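Quantities reported herein were computed from a predicted structural model and do not represent experimental measurements. The chains referred to below are lettered A, B, ... by the order of the sequence lines, with proteins before strands, and numbering in each begins at 1. Only heavy atoms go into these numbers, but all of them, side chains included; no hydrogens, no water, no symmetry mates.
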Protein chains: 2
Amino acid sequence: MVLDTGFALLADDGLAGLSMRALADRLGVQAPALYWHFTSKSELIGMMALALYHDARCAPPAGGDWQDWLISYGRALHQKLTGLRDGARLCAMAEPMRSKASLTAPAIAAPLTDRGLDQGFALDAIASVTSLALGWASFEANAPMHALLDGMIDVQRSFERGLAALVTGLAGGVSQNPAG
Amino acid sequence: MVLDTGFALLADDGLAGLSMRALADRLGVQAPALYWHFTSKSELIGMMALALYHDARCAPPAGGDWQDWLISYGRALHQKLTGLRDGARLCAMAEPMRSKASLTAPAIAAPLTDRGLDQGFALDAIASVTSLALGWASFEANAPMHALLDGMIDVQRSFERGLAALVTGLAGGVSQNPAG
DNA sequence: ACCTGAACACCGTTCAAGT
DNA sequence: ACCTGAACACCGTTCAAGT
């Protein structure tokens, strides 16, 4: 699979090294050949980002309530984004893909609606947890925010606190937004 | 100021149009001249990102408690990141700047420590709110997550909910992490 | 259906040289 | 101190042409 080679290249050389020519090289092919399979580099990156999100969605175990699922998902996503070199940058850069419908809203919400949440609330919750994980990963890797991070003893622990606070706060809002 | 021209160029042509040559053009100068003022394009982008964060930090009004400050700051940051074309992508891409110490941890925490929080907790809280705003802005602009966003009636409102939940959750944790 | 060779219009960056 | 001209080593992408 081309995407796997892309991930390997990303891990080795970072986002700057992820060029169509370098990727083609690893596949034993010329760069223009890639344009038979992908319409653009943008699409390739979009599909890589989608693969990352998909992995995180599959990470949480079957049991538990919706709060367990959110915590587990957020942790997995954060882990994937910081574990892979430039993973956060990749996902933050990915441009909108008009073509692929990917997943439908009910399908995305399913893990939470299965656990009793209504769909609107479920989408909000997933969006917020995804944002928190992506945002954290972004400026752990990046950021002109190093002073901030240097002041914190354990970044991992701080992320966990934020995640727990968010999910707790969401749970508090459920009463106004009945779960069914 | 060169940064202002950079922001104007970003607003007009997006991140793809923000090249050293194009920027130099707007300044009536040749591209290599920019390397007298900045060591690299990375540094330029880093400084633009820093300017964005700084503006958001200055946005909250003087009164109110620490929760008011966080909400106001989060809202301002999200607004800045989505209001400026490719603003989120710019901040997510910015590479770490080893050189400029920018702000010290106590200075960053000040708006919250002034309102009675201890510094460790303050840094955690700011980091989480910043992450949430950056993450939301990232995949509002980007994302292979369009199905998710399409399922939500009002993105702005959903972000507000997430922000409120996070701050509420943080407030719940304060009892364990005394405020002084 | 899948790939190559050659080319186009760009990049960021360096560096001697100018003033 | 500040800028130019010319160049280097790259990019993403297109397109005719091959098999």
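With rounding to whole Å, B/L34 atom CG is found 19 Å from D/dA1 atom P. A straight line from CG of A/L44 to C1' of D/dG12 spans 12 Å, rounded to a whole angstrom. In this structure, CG of B/L27 is placed 9 Å from P of D/dC3, rounded to the nearest angstrom. Counting to the nearest Å, the P atom of D/dC11 and the CD atom of A/Q30 are 13 Å from each other. The separation between B/E43 atom CD and C/dG12 atom P is 15 Å, rounded to whole Å. When rounded to the nearest whole Å, the span between CG of B/L15 and P of C/dC11 equals 13 Å. We find that CZ of B/F38 is positioned 16 Å from C1' of D/dA1, with the value rounded to whole Å. Taking atom CG of residue A/L18 and atom C1' of nucleotide D/dC10, one finds them 15 Å apart after rounding to whole Å.
The aromatic rings of B/F159 and B/H78 sit parallel, their planes meeting at an angle under 30°, below the 60° perpendicular limit.
For B/W36, no side-chain nitrogen or oxygen approaches OP1 or OP2 of D/dC3 to under 4.0 Å. Phosphate contact (OP1/OP2 of C/dA1, side-chain N/O of A/H37, threshold under 4.0 Å): absent.
The backbone N or O of B/M1 lies less than 3.5 Å from no partner atom in the side chain of B/D4, so there is not a single donor-acceptor pair.
Dense packing is recorded around NE2 of B/H37, with more than 12 heavy atoms of other residues, nucleotides or ligands lying under 6.0 Å away.
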Practice task
Give the dot-bracket string for DNA chain D, reading 5' to 3', where a pair is Watson-Crick or G-U wobble with both distances under 3.5 Å, ( ) marks pairs inside the strand, [ ] marks pairs crossing earlier ones, | marks a partner on another strand, and . marks unpaired.
Solution key: ||.|||||...|||||.||
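Ionic pairing of B/D124 and A/R161 is present here: one or more N-O contacts between side-chain nitrogen and carboxylate oxygen are shorter than 4.0 angstrom. The existence of a salt bridge linking A/R26 and A/D12 is confirmed by a sub-4.0 Å separation between a basic side-chain nitrogen and an acidic carboxylate oxygen.
Not counting sequence neighbours, A/D25 has no partner by the salt bridge (charged side-chain N to carboxylate O under 4.0 Å, His left out) test.
A/S40 and A/Y35 share no side-chain donor-acceptor pair at under 3.5 Å.
You'll find the side chain of B/L23 reaches within 4.5 Å of the side chain of B/V2, heavy atoms only. At a threshold of 4.5 Å between non-hydrogen side-chain atoms, the residues A/F121 and A/L170 count as touching.
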Exercise for the section: Could you encode protein contacts along nucleotides 13-19 of chain C as a string, one character per nucleotide from 5' to 3', using B for base contact, S for sugar-phosphate-only contact and - for no contact, with a heavy-atom cut-off of under 4.0 Å? Expected result: BBB----
